[in-house]
Amino acid sequence: MTRVYVMSTCPDCHEVKAQLADNPDYELIDIGEHVRHLKTFLRLRDTHPAFAEVKAKGQIGIPCFVFADETVSFELPEGLVPLVGESCSLDGKGC
C-alpha cells in the first residue's frame, strides 16, 4: 500500500485526495488532522534524502507518496490526472 501525505488546505493535495479517496491501494494521511501524522511526516522529511531538493527549493514536500519499498515521490503515480498548481512552499508561493 502507498502512503500519501497530504494536507486539507493544500490545493494540490485536495486534488490528490479527491482522486484517491476510494482507492484501497492508497492510505491518505492528512498531516493537519492530528499532530501524530505531522510528527510522522516531519520525521520522514528530516531523514529521507528525497526531500533534499524539496527543502532546498523552500517547499514542504506535499503531496508525498511513500511506496511499499519506502521509495518517496512527489509526482502522481501513472494513470492519475496531473496536478494543476505548484507544490506548497514555505514562502506561500505554491498554495
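We number each residue from 1, following the sequence as shown.
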Subject >> side chain to side chain contact (heavy atoms under 4.5 Å, CB included) evaluation trace for Val54 with Ile60 >> reply: CA-CA 7 Å; Val54 169; Ile60 296 169; over 6 Å; no
**OP:** With sequence neighbours left out, write down each residue that passes ring-ring contact (aromatic ring centres under 6.0 Å, His included) with Tyr5, or none if nothing qualifies.
**Re:** Phe41
**OP:** Among residues two or more places apart or on two chains, list those pairs meeting salt bridge (Lys or Arg N to Asp or Glu O under 4.0 Å) that have a residue in residues 25-44.
**Re:** Lys17-Asp30
Which value, rounded to the nearest 0.5 Å, describes the distance between [X] atom [atom1] and [Y] atom [atom2]?
X: Ile29; Y: Thr40; atom1: CD1; atom2: OG1; value: 7.5 Å
X: Gln19; Y: Leu76; atom1: CD; atom2: CG; value: 6.0 Å
X: Ser8; Y: Leu28; atom1: OG; atom2: CG; value: 12.0 Å
X: His48; Y: Cys64; atom1: NE2; atom2: SG; value: 8.5 Å

Original post:
Checking Arg3 side chain against Tyr26 main chain: does a donor-acceptor pair fall under 3.5 Å?
Top reply: no
Original post:
Under the 3.5 angstrom rule, does the side chain of Lys55 hit a backbone N or O of Arg45 as a donor-acceptor pair?
Top reply: yes
**OP:** Taking all non-hydrogen atoms of both residues into account, name the closest pair between Pro63 and Cys13 and its distance.
**Re:** N-SG, 3.7 Å
Original post:
Is there a side chain to side chain contact (heavy atoms under 4.5 Å, CB included) between Val66 and Leu44 once you walk through the steps?
Top reply: CA-CA 10 Å; Val66 183; Leu44 175 68; 3.6 Å; yes
**OP:** Inspect the surroundings of NE2 in His37 and state if more than 12 heavy atoms from other residues, nucleotides or ligands are less than 6.0 Å away.
**Re:** yes
Subject >> side-chain contact (heavy atoms from CB on, under 4.5 Å) partners for Asp46, two or more places apart >> reply: none
Original post:
Do Val6 and Ile62 come close enough that some side-chain heavy atom pair is under 4.5 Å?
Top reply: no
**OP:** With sequence neighbours left out, write down each residue that passes side-chain hydrogen bond (donor to acceptor under 3.5 Å, both in side chains) with Glu75, or none if nothing qualifies.
**Re:** none
**OP:** Could you pull out all residues at least two apart from Thr2 that satisfy side-chain hydrogen bond (donor to acceptor under 3.5 Å, both in side chains)?
**Re:** none
Original post:
So Phe65 and Phe67, would you call those rings parallel, tilted or perpendicular, with 30° and 60° as cut-offs?
Top reply: parallel
